[in-house]
Amino acid sequence: MKREDTPFVGGPLDGRVLPVLLGITGHPPKIYRVPVPAADGGPPTVLVYRRVQAKQSARLGLHQGWKYEYAAEGEKGAGKAGSGLRWPWSKPGSGSSAG
């Protein structure tokens, strides 16, 4: 498995660079979730980071890497990765993949 050192911006992981597994296409996942265990033994808090383009080349405007930005609104603002296929005959707003 290939890994890429990816910077994190905002939130509790601000300024850190972590190795992130790359997918089949060679890109890191669009949404990166970090579970943080609760101090009192309760349910863990999940930090959500969204993948954005890190920078562009000056001359041709080509993509040069990724970074993760903190999504303070959590799952709602970051979108649901793996929410299923969107079929044309599905009801609007339904996240199910079955029609």
Side-chain angles (χ1 to χ4, degrees):
M1 292 294 239
K2 206 170 174 189
R3 296 175 186 255
E4 181 179 295
D5 289 338
T6 308
F8 285 75
V9 178
L13 296 179
D14 189 26
R16 293 190 185 190
V17 178
L18 300 175
V20 176
L21 287 174
L22 302 179
I24 296 171
T25 60
H27 299 289
K30 291 181 181 180
I31 304 294
Y32 194 81
R33 294 173 188 85
V34 181
V36 178
D40 61 353
T45 303
V46 178
L47 304 175
V48 179
Y49 285 85
R50 185 180 322 121
R51 181 186 75 185
V52 294
Q53 188 172 347
K55 57 184 173 178
Q56 289 182 342
S57 64
R59 191 169 237 199
L60 298 176
L62 299 175
H63 164 71
Q64 292 186 333
W66 300 102
K67 66 181 177 180
Y68 281 105
E69 287 184 353
Y70 181 63
E73 59 278 353
E75 293 288 333
K76 295 176 188 100
K80 289 225 172 199
S83 63
L85 297 173
R86 297 294 308 221
W87 299 104
W89 55 84
S90 298
K91 293 179 182 177
S94 67
S96 65
S97 60

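- The distance from the CZ atom of R16 to the OG1 atom of T6 is 14.5 Å, given to the nearest 0.5 Å.
- Contact check for Y49 versus P29: no side-chain heavy atoms found under the 4.5 Å cut-off.
- The minimum heavy-atom distance between Q64 and Q53, with the atom names listed, is N-NE2, 4.5 Å.
- Residues H27 and W66 share a closest heavy-atom pair of ND1-NE1, 3.2 Å.
- For the pair R3 and L21, the tightest heavy-atom approach, listed with the atom from each and the gap, is CG-CD2, 3.6 Å.
- Of all heavy-atom pairs spanning V48 and Y70, the tightest one is O-CD1, 3.7 Å.
- V9 and L13 are assigned to two separate hydrophobic clusters, defined by single-linkage of ILVMFWY side chains at heavy-atom distances under 4.5 Å.
- Placement of V34 and V17 in two distinct hydrophobic clusters is found when ILVMFWY residues are connected by side-chain heavy-atom separations under 4.5 Å, directly or transitively.
- Placement of I31 and L22 in two distinct hydrophobic clusters is found when ILVMFWY residues are connected by side-chain heavy-atom separations under 4.5 Å, directly or transitively.
- Inter-residue side-chain proximity for Y68 and V20 is flagged as met; some heavy-atom pair is nearer than 4.5 Å.
- The nearest pair of heavy atoms linking A71 to R50 is CB-NH2, 3.6 Å.
- A pairwise comparison of heavy atoms in P37 and P44 identifies CA-CB, 4.1 Å as the closest pair.
- To the nearest 0.5 Å, atoms NZ (K55) and NE2 (H63) are separated by 11.0 Å.
- Put simply, the side chain of T25 never gets that close to the backbone of G23: no donor and acceptor are under 3.5 Å apart.
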